[in-house]
Structure formats: C-alpha cells, structure tokens
Amino acid sequence: MNNAELLQKMERERQELHELAGRYGFRHPSVINMSEQLDQTLNEFQRKKIYALKRKSTV
C-alpha cells in the first residue's frame, strides 16, 4: 500500500472511530478495536516514512 492509500485508509478509520465513539462511548469494545486498528495503520505509515528517509539519506 502506498502513502496516499495509507492516508486515505487512516482518514476512513478516523471517521469511523469518531462515529463509533459518538454512538457507543469511548470504552465500548468496537471503539477500542477501531482505535487499535487505526494505531496499526498509523504505525505502518510511520514505518514507511522512516524507511524512505533512511533510504534517501544513504543514497
């Protein structure tokens, strides 16, 4: 998945998290699961960004 796709995915997950939290509250299992999913997507984006910076600095 490229950076643009990851950004779109993060935005969709963020919107869904916001909707779920509004509907169920912050402690509901579905809200926690979506938060964890968004965290994983954010981590993947950060890893790709760091990897790209490292590759760029060694070239």
Side-chain angles (χ1 to χ4, degrees):
M1 193 174 295
N2 66 36
N3 285 347
E5 292 168 331
L6 279 172
L7 287 170
Q8 289 175 347
K9 182 178 180 184
M10 285 187 297
E11 182 58 25
R12 283 191 309 270
E13 290 173 352
R14 186 196 64 77
Q15 288 175 354
E16 187 172 348
L17 176 62
H18 183 77
E19 291 172 13
L20 289 170
R23 188 177 312 145
Y24 300 117
F26 291 105
R27 293 179 180 227
H28 192 274
S30 63
V31 175
I32 293 168
N33 288 338
M34 180 52 63
S35 177
E36 290 171 348
Q37 184 175 333
L38 176 56
D39 286 346
Q40 289 175 1
T41 305
L42 288 164
N43 290 338
E44 181 181 353
F45 180 77
Q46 284 296 96
R47 279 192 300 274
K48 284 183 170 245
K49 213 168 149 183
I50 290 168
Y51 178 74
L53 287 172
K54 285 181 179 180
R55 281 188 65 206
K56 195 173 189 179
S57 68
T58 60
V59 173

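This structure is a prediction, so every number in the text was calculated from the model and none was measured.
In this structure, the side chain of E13 does not engage the main chain of M10 through any donor-acceptor pair within 3.5 Å.
Applying the salt bridge (Lys or Arg N to Asp or Glu O under 4.0 Å) test to residues at least two apart or on different chains, the pairs with a partner in residues 14-32 are E11-R14. The side chain to side chain donor-acceptor pair (under 3.5 Å) pairs that include a residue from residues 43-53 number zero, where partners must be two or more places apart or lie in different chains. Applying the ring pair (Phe, Tyr, Trp, His ring centres under 6.0 Å) test to every pair with at least one member in residues 3-47, sequence neighbours left out, gives these pairs: Y24-H28.
Here the NZ-CG distance, from K9 to L42, works out to 10.5 Å after rounding to the nearest 0.5 Å. Interatomic distance, CE of M34 versus CG of D39, reported as 11.5 Å (0.5 Å rounding).
Taking E36 as the reference, I32, N33 meet the side chain to side chain contact (heavy atoms under 4.5 Å, CB included) condition, with sequence neighbours excluded.
Annotation for L17 and V31: closest pair CD1-O, 3.5 Å, computed over non-hydrogen atoms.
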